Amino acid sequence: MSGAAKPSGVTAAAVELAVWWAVLAALWLVLVSSLDLLECLVGAAAALLGACAARAARRAATEGSAHTGRAEGRPR
């Protein structure tokens with residue numbers, strides 16, 4: 001038995017979005033040619049949109065695999 005509590009759905013979603021945002025924002029900073037305030041704001045906004053899209057895609061993939069019929073005993 002582990003001592004760590006499982007995070008709630010809202011907390012897990014917030015952590016997942018934050019991780020995706022951090023990774024995508026870091027990628028933006030690596031790829032951008034000039035680092036000024038406008039570039040940082042655009043990068044942060046683009047990373048947020050990308051994080052939302054990545055989370056939605058991951059959820060669709062995991063929920064889609066749960067509804068393939070394999071769990072119900074039907075062949076694919």
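Given the structure is predicted, the values throughout are model-derived calculations rather than measurements.
Note: Leu41 CG to Asp36 CG = 9.0 Å, rounded to the nearest 0.5 Å. In this structure, CG on Leu17 lies 5.0 Å from SG on Cys52, to the nearest 0.5 angstrom.
Sequence neighbours left out, not one pair with a member in residues 22-32 passes side chain to side chain donor-acceptor pair (under 3.5 Å).
Qualifying salt bridge (charged side-chain N to carboxylate O under 4.0 Å, His left out) partners for Glu39, counting only residues two or more places apart in sequence or in other chains: none.
The two residues Ala44 and Trp21 make their nearest non-hydrogen contact at O-NE1, 3.1 Å. Taking every heavy atom of both residues into account, Leu24 and Gly50 meet most closely at CD1-C, 3.5 Å. Taking each heavy atom of Ala25 and Ala47 in turn, the nearest pair found is N-CB, 3.6 Å.
Under the 4.5 Å side-chain contact rule for hydrophobic residues, Leu29 and Val42 share a cluster. By the rule that hydrophobic residues join a cluster once side-chain heavy atoms approach within less than 4.5 Å of another member, Leu35 and Val30 end up as members of separate clusters.
Counting heavy atoms of neighbouring residues, nucleotides and ligands inside a 6.0 Å radius, atom CZ of Arg58 exceeds 12 of them.
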